[in-house]
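Chain naming here is simple, since letters A, B, ... match the order of the sequence lines and numbering starts at 1 in each.
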Amino acid sequence: MRKTLLASLATLAVVPALAACTENAKTDAGGGDARALTVASTKDACDLSAKAAPAGTISFDVSNTGSDVTEFYLLAEDGLRIVGEVENIGPNLTKTLTVTVPEGKYVTACKPGMVGEGIRADFDVTRSDEEVKVSADEAQLIEQATNNYRAYVQDQTSQLLVRTQEFVELYKSGDSDDEARALYPVAREHWERIETVAESFGDLDPQMDAREADVDFAAGEKWTGWHAIEKDLWPARAEKYAVWTPDERAKYADDLLANTVELDKRVQATGKDALAYPLDSIANGSRGLLEEVATGKVTGEEEFWSRTDLWDFQANVDGARIAFEGVQPILETKDPELAEQLTTRFAELDELLDSHRKGDGFVYYDELTKDDVDKLAAAVNALSEPLSHLTAAVVS
Amino acid sequence: MASNLSRRGLLGGGVAAAGVAGAFVAGRGTAAGDPVTAVVSSYPFRGEQQAGIVTPAQDRLHFVALDVTTEDREELIGLLKSWTEAAERMTQGGSAGPVGPVAGATDVPPDDTGEAIGLPASRLTITFGFGPTLFRTADGKDRFGIADQRPEALEPLPHFRGDIDDPARSGGDICIQACADDPQVAVHAIRNLVRMGFGVTAVRWSQLGFGRTSTTSTSQSTPRNLFGFKDGTANVKAEEAKALDEHVWVGKDDDKAAAWLAGGSYLVTRRINMTIEVWDRQPLGDQEQFVGRTKDAGAPLSGGEEFTDPDFDLPGSTGPIIPADAHVRIVHPDQNDGVRMLRRGYNFVDGSDDIGGLNAGLFFIAYVRDPRTHFIPVQRRMASSDALMEYLKFSGSALFAVPPGVAAGEYVGQSLFG
């Protein structure tokens with residue numbers, strides 16, 4: 001998943017009001033060539049192959065024959081509301097805008113050099129047999145999804161902070177290592193549920209969640225955070241490892257806590273510093289959390305020392321499911337089959353994970369058989385494939 | 001004797017002359033599309049530089065790293081001499097041993113294993129290199145009296161961020177790179193050289209590769225890696241004599257203590273696993289953003305065609321149009337003090353991994369003049385900021401010093417041991 005920093009509201013670029021843009025490869029427009037248009041964008045012209053198209057899914061193949069980077073927009077009749085856009089088309093390159101449009105009057109615009117209001121022209125979308133439903137509630141659904149997801153992320157970081165405080169105290173005390181070991185995977189669940197958001201803070205993530213192999217010691221980097229402490233608490237697999245002194249423990253523990261406080265502060269920020277959660281970032285986050293499972297958890301690489309990978313696994317899946325469920329009402333209106341498939345596959349993966357529960361938590365990774373791991377990996381693949389279509393479906 | 005030298009009747013009585021001249025005989029089963037492979041069927045083993053570096057990249061690879069098991073200098077030199085003779089024969093389409101797979105006595109095993117009977121030379125090249133531990137073992141022992149000739153730059157590569165340090169896939173005292181257009185020919189070469197080495201060397205690790213991922217000649221088209229993207233567009237090419245001297249060949253004044261390496265090169269190998277299944281779920285637009293090039297033509301996102309120079313300053317709607325973490329930006333010579341590498345990597349698929357994913361990726365091979373300036377800083381930059389790192393796991397790593405070419409009457413490595 002693309003690890004872009006979640007923009008704060010103040011710096012967030014203008015997003016299409018109905019988020020109706022995709023830059024997907026051309027899909028079957030269903031109506032033959034009348035809905036497949038070409039656009040030639042030059043320094044001073046914006047030539048469309050037609051000035052009208054029948055309502056439905058219309059594609060614009062935008063070729064940039066100028067020398068500046070260009071953009072192409074389909075705007076509503078008012079010339080303000082963006083129906084669809086395709087950005088960052090380099091010289092000599094072509095990108096496609098595919099957008100579903102109901103009958104009506106529109107405006108097209110090429111924007112060579114990405115400045116000004118662009119080279120504009122009227123564009124008609126004519127009545128056709130292909131009915132295009134525009135849900136009046138969509139804007140409301142998007143707002144709801146955004147608000148819900150923000151609340152979820154904020155709740156998780158505040159719980160993470162509370163649990164980390166408890167963990168740090170136990171760890172520093174030096175006489176409660178069993179309790180610290182028990183709390184470790186439980187506290188980390190709150191991190192793993194929102195891992196894609198946490199990772200978007202490129203300065204905090206490597207300090208808090210780096211694995212030993214992620215650190216370039218030769219270049220002078222230091223290893224800090226959860227996994228460094230994990231090794232100290234579970235040194236059984238380590239070779240020639242000297243456990244930390246109370247002072248060292250305090251140093252690493254305080255550092256982790258300070259970073260957690262900072263993370264929570266950024267996530268809880270309001271006003272102009274508040275984080276924005278556009279629809280595509282929520283859907284991409286869901287996919288991204290399953291990628292985390294596929295690359296680190298199902299292979300047992302994440303919790304190398306403690307073997308508590310299944311806690312992280314479940315938490316990643318929880319976070320992915322919450323993000324999916326947040327956008328599900330929108331998906332239901334656009335691709336109900338995908339919504340149903342994802343619901344089923346999430347349930348199947350959760351059921352499989354349940355079979356490895358033990359007490360309040362899970363079995364350790366090294367207690368899983370090869371067959372268990374194979375089945376988990378297959379279930380992750382089964383969910384991840386349709387999940388990779390979620391973003392395009394909800395923003396279409 | 002002549003019939004043993006050539007595995008095919010095709011070269012016939014002209015063997016001796018053809019071998020020296022480079023045998024410009026039409027090859028069969030060569031890669032389509034590359035004009036060079038349609039006219040050249042073999043390369044001479046001897047020359048100013050070892051073959052298999054600037055040689056137009058063949059389609060198949062078998063690479064082996066060996067540990068030397070003897071402490072007897074003369075035994076090692078003896079093997080280098082035998083290897084030289086065998087490599088010269090095999091690269092000309094002949095057998096490994098002087099007798100051949102079927103011509104010898106029936107009561108001894110043949111001196112060639114036979115699976116290449118009937119196959120042409122297939123542009124086979126065999127390239128030898130020496131690892132840091134040949135000069136001094138990990139515990140400090142100078143087994144062959146050459147420690148004082150160890151090139152200063154020949155240090156084991158450091159651990160980079162994201163490396164899975166696996167000694168069973170890293171390092172080695174000696175390496176042999178066999179490249180050919182026919183996998184059976186490359187495997188035949190390594191199999192027979194390894195066999196000759198038993199008692200003196202033992203295999204540490206080996207790697208098969210298919211589908212060259214780089215071009216080393218302007219006559220070749222740029223191939224694609226397993227991400228589906230064109231790779232190595234900015235590679236140093238055989239035709240760039242000045243760039244080769246500047247970036248690939250060790251200069252005669254580069255390292256006084258290791259004068260034997262002048263005219264040679266350093267060989268870096270990195271086994272790079274791709275998390276294929278996760279990559280395949282990335283939207284096309286994101287893939288192009290990670291790489292910084294279009295998937296179709298390989299043009300930089302700043303526009304133009306494949307060989308158009310990327311414009312790293314060209315602004316896009318949010319930041320530069322080639323993103324800050326795009327692979328092309330991170331590794332491009334313009335962003336790395338102008339250093340270039342001669343890359344010669346191959347795709348690999350070693351079946352499936354423990355959880356049913358493809359055990360696949362890129363076996364990275366680069367020839368550079370000095371790894372301290374031409375490889376380590378670029379790899380470090382990539383490990384810390386390249387968007388592709390999310391989809392890569394580095395599962396093997398090695399560095400070798402590649403001696404210059406073998407002149408008539410010499411054996412490989414003679415400048416070091418002679």
Looking only at heavy atoms, what is the nearest atom pair of [X] and [Y], with distance?
| X | Y | answer |
| --- | --- | --- |
| B/A299 | A/L93 | CB-CD2, 3.8 Å |
| A/A219 | B/R380 | CB-NE, 3.5 Å |
| B/P158 | A/A218 | CB-CB, 4.0 Å |

* Asked: Does the distance from a Lys or Arg side-chain N to an Asp or Glu carboxylate O, for A/E385 and B/R281, drop under 4.0 Å?
  ->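 Yes, this pair counts.
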Between [X] (side chain) and [Y] (backbone), is there a donor-acceptor pair under 3.5 Å?
| X | Y | value |
| --- | --- | --- |
| B/H159 | A/A213 | yes |
| B/K393 | A/T295 | yes |
| A/K370 | B/I355 | no |
| A/N88 | B/S317 | yes |

Answer with side chain, backbone, both or neither: which region of [X] has an atom nearer than 4.5 Å to a non-hydrogen atom of chain B?
| X | answer |
| --- | --- |
| A/A377 | side chain |
| A/T299 | side chain |
| A/N64 | neither |

Neighbour count >12 (heavy atoms, 6.0 Å) for atom [atom1], [X]:
| X | atom1 | result |
| --- | --- | --- |
| A/D366 | CG | yes |
| A/E367 | CD | yes |
| B/D166 | CG | yes |
| B/E152 | CD | no |

* **Full working for side-chain contact (heavy atoms from CB on, under 4.5 Å) between B/E277 and A/E291** => CA-CA 9 Å; B/E277 292 73 22; A/E291 286 172 15; over 6 Å; no
* Given B/R161 and A/E212, is the salt bridge (charged side-chain N to carboxylate O under 4.0 Å, His left out) satisfied, shown in steps? -> CA-CA 9 Å; B/R161 195 186 285 184; A/E212 194 167 13; over 6 Å; no
* Asked: When only pairs under 4.5 Å are counted, which of B/P315, B/A297, B/G357 shares the most heavy-atom pairs with chain A?
  ->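 Among the listed options, the one with the most contacts to chain A is B/P315.
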